[in-house]
Structures are given as structure tokens and as C-alpha cells.
Student: 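Submitted below is the structure of interest, expressed as C-alpha cells.
Heavy atoms only: backbone and side chains are in, while hydrogens, waters and symmetry mates are out. All of these numbers come straight from a predicted model, not from anything done at the bench.
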Amino acid sequence: MKVSARNLIPGTVKTVNIGMVNAEVVIDAGGVEIVSVITKESAENMGLKAGAPVKAMIKATSIMVVTD
């Protein structure tokens, strides 16, 4: 698969919590957790389960940087 997004972060599925409509997928990306909410159907079609290797694709029009 080829995508235009530059931000592909490799990781491993930590947990998948499937609800009635959506699924919350927690990805361990080298000690940092990335949480994604996707449709239940997508999670089931992809066969997502703990331990599966995945990539988090981040596509945003803006990313804010904040300091204290």
C-alpha cells in the first residue's frame, strides 16, 4: 500500500476495545501509546488483536506545539 502521509509510526497493538459501533485501538510505539478510535467493522476486517504489528498513520492539516 502506498500513502501520501509522511507520518507513519510503527508499533504494536497493545489493546483493542470493541464497542457497539467503534473500537478503541491502543498502539505501543516504542514506549509511547497512541490511541485511535476506528469503526468496529474496520477493526474486525483488519483482524486487529494484541501483539499485532501495525503503523499509526497521522494525517493532519495542523499540529500545534506548546511549551510551558
Student: How about Asn17 and Glu24: do any of their side-chain heavy atoms sit closer than 4.5 Å?
Tutor: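 With C-beta onward as the side chain, the pair touches.
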
Student: For a quick test of reading the model, state the closest non-hydrogen atom pair linking Lys40 to Met20 and the distance between them.
Tutor: CD-O, 3.6 Å

Student: Would a hydrophobic clustering, with Ile, Leu, Val, Met, Phe, Trp and Tyr connected at side-chain separations under 4.5 Å, put Ile38 with Val54?
Tutor: yes

Student: Ile9 versus Lys55: any side-chain heavy-atom pair under 4.5 Å?
Tutor: no

Student: Would you indicate whether the side-chain heavy atoms of Glu33 and Val26 approach each other to under 4.5 Å?
Tutor: yes

Student: How many angstroms lie between CE in Met57 and OG in Ser36, if you round to the nearest 0.5 Å?
Tutor: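 Here the interatomic distance stands at 10.0 Å.
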
Student: So if you build clusters from Ile, Leu, Val, Met, Phe, Trp, Tyr with side-chain heavy-atom gaps below 4.5 Å, do Ile18 and Val25 land together?
Tutor: yes

Student: When clusters are formed by joining ILVMFWY residues with side-chain heavy atoms under 4.5 Å apart, either directly or through shared neighbours, do Met46 and Ile27 land in the same one?
Tutor: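 Yes: a chain of side-chain contacts under 4.5 Å links Met46 to Ile27.
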
Student: Within a 6.0 Å radius of atom CD on Glu44, are there more than 12 heavy atoms belonging to other residues, nucleotides or ligands?
Tutor: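 Yes.
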
Student: What heavy-atom pair brings Gly31 and Asp28 nearest, and what distance separates the two atoms?
Tutor: N-OD1, 2.8 Å

